[in-house]
Amino acid sequence: MDPSPHRDEPADVIVIGAGPAGCSVGHHLARAGHDVLLLEKAVFPRDKVCGDGLTPRAVRELLGMGVDVEGDGWVRTRGLRVHGSGTTVEMPWPAVASCPDYGLVRTRQDLDQLLARQAVAAGARLLEGTKVTAPVLDPATGRVEGVVAERDGVRRTFRAPVLVAADGASSRLAVALGLHQRTDRPMGVAVRRYYTSPHRNRDHLEAWIDLETRDGRGRPSMPFGYGWIFPVGDGAFNVGLGTFHVGRRPDVDHRRLFRQWTARLPAAWHFDEEHATGPLRGAPLPAGLNRSPQYTRGLLLTGDAGGMINPLSGEGIDYAMESGRLAAETVARALARPTAHAREEALLRYPEAVREAYGRYFTVGRLVVRALNHPQVMRLVATHSLRRPVTQRFMFKLWANLTDPYSPDALDRVIAALQRAVPAA
């Protein structure tokens with residue numbers, strides 16, 4: 001996918017990382033006529049640890065990028081099937097005027113490569129197998145003016161007036177500028193594995209909310225989190241679980257919890273060693289804007305690099321693509337300004353735009369995560385939340401962040417009021 005030849009020439013914008021966030025930035029800026037250089041350390045196709053589920057919010061972003069979601073490789077979902085305390089409930093995706101009424105599933109190995117191709121088709125330049133090792137700083141101002149990267153054993157320097165970090169949870173570039181993850185924001189851990197299975201689910205995301213394990217002293221515990229079974233097509237399933245916490249990490253062995261949970265699933269579903277098609281892999285989930293500010297000295301943070309993951313659902317693809325679009329809009333406005341001072345003023349507005357988009361919801365999410373990490377509260381929710389239709393719908397809308405602020409729906413108004421009552425993260 002690399003266009004050639006490549007020279008060490010400047011670009012309008014350098015984007016580090018060609019996942020959903022980086023490809024979104026690259027696509028939107030390139031389509032607006034800007035010279036965008038995407039630097040990706042891996043070579044496509046490449047895998048990423050993820051649940052592979054795409055909410056209607058994510059589908060909206062895919063459609064906005066012109067992605068064909070009708071072809072092969074997509075699994076369309078009608079909603080969520082939730083299991084807890086012996087109860088199973090099916091709920092359609094909440095109706096939101098700005099979103100389609102369906103979700104999708106596609107493996108990240110396929111999805112990320114497709115999005116990278118979409119960015120290149122829009123005009124972005126993509127360099128795969130290019131590992132960014134350090135920022136290049138202006139010695140007088142400390143501003144980022146480029147990056148040093150290695151490709152095929154050769155060090156190269158790339159320069160641009162604006163850079164975007166879309167390099168994931170660890171974000172080497174953000175850390176190099178002193179932007180570390182905050183311990184007062186939600187952090188999650190997820191593990192997942194692929195299986196082939198005769199399980200009949202083909203059109204719902206499935207979630208188990210009554211995970212239970214034992215802590216290091218053998219005491220029963222119910223961490224806040226859920227297990228999932230998502231269909232990825234052709235009889236294959238992404239099976240995984242994740243938990244979230246704020247502050248001190250709870251004593252949870254996620255691999256052991258996964259084994260205990262899958263052992264309780266029906267044996268006929270074949271979620272066992274014999275039918276696994278790959279290893280159990282895990283990843284951190286930095287959530288709730290846990291790295292800030294999202295702009296500093298010529299560098300914008302998007303997606304996981306900025307902690308833009310939903311602390312209730314663990315969903316990050318929709319926020320990655322949304323924040324990528326938001327970053328692209330900000331950068332485009334800045335590049336249109338006639339002076340360096342005016343461009344900087346435009347870029348400095350990006351953190352506030354991010355907070356306006358996600359801050360209040362992420363604060364509500366942080367408070368909910370704190371509450372549900374008390375085992376008694378989590379057990380109460382897992383036992384009773386599925387028994388009343390109103391509670392079911394409320395939890396689903398809140399979990400997926402699918403509410404319409406202009407809807408007459410009472411639950412939408414309640415959730416909107418909750419968000420107005422808290423400060424933005």
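Along the sequence shown, residues carry numbers from 1.
- At least one side-chain heavy atom of Val136 sits under 4.5 Å from a side-chain heavy atom of Val148.
- Judged purely by atom type and a 3.5 angstrom limit, Ser171 has no side-chain atom pairing as donor or acceptor with the backbone of Ala169.
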#### Entry: Evaluation steps, side chain to side chain contact (heavy atoms under 4.5 Å, CB included), between Leu326 and Val354
CA-CA 8 Å; Leu326 187 61; Val354 170; 4.0 Å; yes

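- Closest of all the heavy-atom pairs between Asp184 and Arg370 is O-NH2, 4.2 Å.
- A salt bridge links Arg193 with Glu273; the closest basic N to acidic carboxylate O contact falls under 4.0 Å.
- Under a 4.0 Å N-O distance rule, the pair Asp52/Arg192 does not qualify as a salt bridge.
- Between Phe224 atom CZ and Phe244 atom CZ the span is 7.5 Å, to the nearest 0.5 Å.
- Nearest approach of Met187 to Pro284, heavy atoms of both residues: SD-CB, 4.3 Å.
- Sparse packing is recorded around CG of Asp234, with 12 or fewer heavy atoms of other residues, nucleotides or ligands lying under 6.0 Å away.
- Two residues are said to be in side-chain contact when any heavy atoms from C-beta on lie closer than 4.5 Å; Val239 and Phe258 meet this criterion.
- The number of heavy atoms from other shown groups lying within 6.0 Å of NZ (Lys397) is above 12.
- Using a 4.0 Å cut-off between a side-chain N of Lys or Arg and a carboxylate O of Asp or Glu, Asp318 and Arg60 do not qualify as a salt bridge.
- Separating the OG atom in Ser85 from the CD1 atom in Ile209 is a distance of 7.0 Å, to the nearest 0.5 Å.
- Residues Asn401 and Leu312 fail the side-chain proximity criterion, which asks for heavy atoms closer than 4.5 Å.
- Formation of a donor-acceptor pair under 3.5 Å by the Ser323 side chain with backbone atoms of Gly303 is found in this model.
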### Message
Working note: Val75 + Arg202, criterion side chain to side chain contact (heavy atoms under 4.5 Å, CB included); need CA distance, chi angles, decisive distance, verdict.
### Response
CA-CA 8 Å; Val75 175; Arg202 296 292 184 271; 6.0 Å; no

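- Residues Leu137 and Leu177 meet the side-chain proximity criterion, which asks for heavy atoms closer than 4.5 Å.
- Of all non-hydrogen atoms in Leu301 and Ala174, the two that sit nearest each other are CD2-CB, 4.0 Å.
- Not a single donor-acceptor pair under 3.5 Å links the side chain of Ser24 to the backbone N or O of Pro20.
- Between atom CE of residue Met91 and atom CZ of residue Arg81 there is a gap of 11.0 Å, rounded to the nearest 0.5 Å.
- A donor-acceptor pair under 3.5 Å is absent between the side-chain atoms of Thr302 and the main chain of Gly324, judged by distance alone.
- With hydrogens and angles ignored, the 3.5 Å screen pairs a side-chain donor or acceptor of Arg413 with a backbone N or O of Pro408.
- Inter-residue side-chain proximity for Leu241 and Leu211 is flagged as met; some heavy-atom pair is nearer than 4.5 Å.
- Smallest separation of non-hydrogen atoms from Asp203 and Pro231: N-CG, 4.5 Å.
- Arg185 places no side-chain N or O within 3.5 Å of a backbone atom of Ala287 that could act as its donor or acceptor partner.
- In this structure, His275 and His270 have parallel ring planes: the angle between them is below the 30° cut-off, well short of the 60° mark.
- For the residue pair Tyr361 and Asn310, a side-chain donor N or O sits within less than 3.5 Å of a side-chain acceptor on the partner.
- In this structure a side-chain-to-backbone donor-acceptor pair under 3.5 Å is missing from His254 to Ala190.
- To the nearest 0.5 Å, atoms CG (Leu163) and CG (Leu300) are separated by 9.0 Å.
- Rounding to the nearest 0.5 angstrom, the gap separating the CG atom in Leu114 from the SG atom in Cys23 is 9.5 Å.
- Electrostatic pairing of Glu70 and Arg76 counts as a salt bridge here, judged by a charged N lying under 4.0 Å from a carboxylate O.
- Within the model, atoms CG of Leu54 and CH2 of Trp74 stand 6.5 Å from one another, a figure rounded to the nearest 0.5 Å.
- More than 12 heavy atoms of other residues, nucleotides or ligands shown are found within 6.0 angstrom of CD on Glu345.
- Considering only heavy atoms from C-beta on, Pro135 stays 4.5 Å or farther from Leu299 through its side chain.
- Using the six-membered ring where Trp is involved, Tyr319 and Phe362 have ring planes that are tilted, between 30° and 60° apart.
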### Task
For ring pair (Phe, Tyr, Trp, His ring centres under 6.0 Å), just list the numbers for Trp399 and Tyr226, CA-CA rounded to whole Å, side-chain angles, deciding distance to a tenth of an Å, and then say yes or no.
CA-CA 11 Å; Trp399 177 84; Tyr226 68 96; 5.7 Å; yes

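- With Asp12 contributing its side chain and Asp35 its backbone, the two residues share a donor-acceptor pair below 3.5 Å.
- Two residues are said to be in side-chain contact when any heavy atoms from C-beta on lie closer than 4.5 Å; Leu335 and Val13 meet this criterion.
- Shortest non-hydrogen contact noted between Phe44 and Ala116 is CE1-CB, 3.7 Å.
- Between the side chain of Glu40 and the main chain of Leu126, no donor-acceptor pair closer than 3.5 Å is present.
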### Task
List the steps, then state whether side chain to side chain contact (heavy atoms under 4.5 Å, CB included) holds for Leu411 with Phe396.
CA-CA 11 Å; Leu411 294 181; Phe396 190 19; over 6 Å; no

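- Without hydrogens or angle criteria, Gln392 side chain to Leu386 main chain gives a donor-acceptor distance under 3.5 Å.
- Heavy atoms of other residues, nucleotides or ligands lying less than 6.0 angstrom from CZ of Arg264 number more than 12.
- Remark: Met65 CE is packed, more than 12 non-hydrogen atoms of other residues, nucleotides or ligands lying under 6.0 Å away.
- A salt bridge links Glu329 with Arg325: at least one charged nitrogen is closer than 4.0 Å to a carboxylate oxygen.
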### Task
For Ile16 and Val147, run side chain to side chain contact (heavy atoms under 4.5 Å, CB included): C-alpha distance rounded to whole Å, both residues' side-chain angles, the deciding distance at 0.1 Å, then the answer.
CA-CA 9 Å; Ile16 299 90; Val147 292; 4.3 Å; yes

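- Partner of Asp112 under the salt bridge (charged side-chain N to carboxylate O under 4.0 Å, His left out) criterion, out of Lys48, Arg46, Arg106: Arg46 alone.
- Among all heavy-atom pairs drawn from Arg57 and Leu402, the shortest one is CG-CD2, 3.5 Å.
- Side chains of Met308 and Gln294 form a contact here, defined as non-hydrogen atoms less than 4.5 Å apart.
- Relative ring orientation between Trp208 and His83 is described as parallel, the plane-to-plane angle staying below 30° on a 0-90° scale split at 30° and 60°.
- Using a 3.5 Å distance cut-off with no hydrogens or angles, the side chains of Tyr295 and Glu344 do pair a donor with an acceptor.
- Among Arg108, Gln109, Arg281, the one residue that satisfies the side chain to side chain donor-acceptor pair (under 3.5 Å) test with Asp47 is Arg281.
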